[in-house]
**Q** 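Supplied in structure tokens, the structure appears directly below.
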Amino acid sequence: MPGEMNTDVSGCYCCRQLFPQGLPDEFTLVITLLLKKQTTKENWYLFQVTDRQGYPQRHLLSPPQLFLGINSKERSLEFQAKGQDEEFIKAVFAGKGISSLFDLKWHKMALSVQSQVVSVHVDCSYILSKPLPPRQRLVSEGNAFIGLDAVRGAPVSVSHGGIMRMTWGKPTFLKL
């Protein structure tokens, strides 16, 4: 199940292309990223998974099944997924460890999603874990978006700050 993408990975990918065995319920994303001046003023998605309805460009047809987003105004990370009862569950991470992502330098960030908890590490340092209520299984007939501007629906390019490398695998497989 481990996978990796290098260089400018921003864009839209078929989930089956990224996850040939289907989307796992538990996983870790390790992202090497640079937030430049322009991207530190915008909200964008580091990673987002939609179902087969997805959404074209700016008009949302179906909310994402799961996303990890950056809220630049709040200087926070937000993980959100569909809960068992169709409501969305979320965990917001803020504070000194997360705000360091906005210092215009390269960082390595890891998000570990397990059955009942989501955890964040930045630059090999544990930041925080938050409890997660039960989630729906992820449908693999959709798309995965990496580095997507939350307002314009356009990919965030590395030249404007973005993701240079993304790795994913089982929560216990990846090491920072």
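Computed over heavy atoms, backbone and side chain alike; hydrogens, waters and symmetry mates excluded.
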**Q** Atom CZ of Phe145 and atom SG of Cys15: how far apart are they, to the nearest 0.5 Å?
**A** 9.0 Å
**Q** Find the distance between CD (Glu26) and OG (Ser115) and round it off to the nearest 0.5 Å.
**A**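 So the CD of Glu26 and the OG of Ser115 are separated by 4.5 Å.
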**Q** Apply side-chain hydrogen bond (donor to acceptor under 3.5 Å, both in side chains) to Ser99 and list each qualifying residue two or more places apart in sequence or on a separate chain.
**A** none
**Q** Hey, is the main chain of Thr50 close enough, under 3.5 Å, to the side chain of Asn143 for a donor-acceptor pair?
**A** no
**Q** Supply the atom-to-atom distance Lys108 NZ to Thr32 OG1, rounded to the nearest 0.5 angstrom.
**A** 5.5 Å
**Q** So do the side chains of His121 and Val30 get within less than 4.5 Å of each other, counting heavy atoms only?
**A** no
**Q** Measuring only between side-chain heavy atoms, which start at C-beta, is Leu68 closer than 4.5 Å to Gln80?
**A**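 No - every pair of side-chain heavy atoms lies 4.5 Å or more apart.
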**Q** Which heavy-atom pair separates Lys130 from Val92 by the least distance, and what is that distance?
**A** NZ-O, 2.6 Å
**Q** When you measure from the side chain of His107 to the backbone N and O of Ser100, does any donor-acceptor pair fall under 3.5 Å?
**A**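 A pair under 3.5 Å: yes.
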**Q** Using the side-chain hydrogen bond (donor to acceptor under 3.5 Å, both in side chains) criterion, which residues pair with Ser119? Sequence neighbours excluded.
**A**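 Expected list: Ser129.
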**Q** Would you say that Ser112 contacts Val118 through its side chain, given a criterion of any heavy-atom pair below 4.5 Å between the two side chains?
**A** no
**Q** Less than 4.0 angstrom from a charged side-chain N to a carboxylate O is my criterion; do Arg16 and Glu141 meet it?
**A**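 Between Glu141 and Arg16 there is a salt bridge, with a charged N closer than 4.0 Å to a carboxylate O.
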**Q** Look at the side chain of Gln136 and the backbone N and O of Gly83, then say whether any donor-acceptor pair between them is shorter than 3.5 Å.
**A**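 Yes, Gln136 side chain to Gly83 backbone: donor-acceptor pair under 3.5 Å.
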**Q** Measuring from atom CG of Leu46 to atom CG of Leu29, what distance do you get when rounded to the nearest 0.5 angstrom?
**A** 9.0 Å
**Q** Can you tell me which residue pairs pass the ring pair (Phe, Tyr, Trp, His ring centres under 6.0 Å) test with a partner in residues 66-94, sequence neighbours excluded?
**A**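 For residues 66-94: Tyr45-Phe67.
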**Q** Taking all atoms of both residues into account, what is the closest heavy-atom pair of Lys73 and Asn43, and its distance?
**A**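 Heavy atoms only, the tightest pair is N-OD1, 4.1 Å.
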**Q** Distance check, rounded to the nearest 0.5 Å: Leu101 atom CG versus Leu104 atom CG?
**A**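 So the gap between those two atoms works out to 11.5 Å.
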**Q** To the nearest 0.5 Å, what is the distance between CD1 (Ile70) and CG (Leu33)?
**A**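 One finds 5.5 Å between CD1 of Ile70 and CG of Leu33.
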**Q** Who are the side-chain hydrogen bond (donor to acceptor under 3.5 Å, both in side chains) partners of Asp25, not counting sequence neighbours?
**A**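 By the side-chain hydrogen bond (donor to acceptor under 3.5 Å, both in side chains) rule, Asp25 matches Arg137.
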**Q** So, using side-chain hydrogen bond (donor to acceptor under 3.5 Å, both in side chains) as the criterion, who are the partners of Gln116 when residues are at least two apart?
**A**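 So Gln116 forms no side-chain hydrogen bond (donor to acceptor under 3.5 Å, both in side chains) with any residue.
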**Q** Taking the side chain as every heavy atom from C-beta outward, state whether Leu111 and Val120 have any pair of such atoms under 4.5 Å apart.
**A** yes
**Q** Check side chain to side chain contact (heavy atoms under 4.5 Å, CB included) between Gln84 and all other residues, then give those that pass, not counting sequence neighbours.
**A**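 In terms of side chain to side chain contact (heavy atoms under 4.5 Å, CB included), with neighbours along the sequence ignored, Gln84 is linked to Pro134.
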**Q** Looking only at non-hydrogen atoms, find the nearest pair between Ile89 and Arg135 and report the distance.
**A**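 Closest approach of Ile89 to Arg135: CD1-CG, 3.1 Å.
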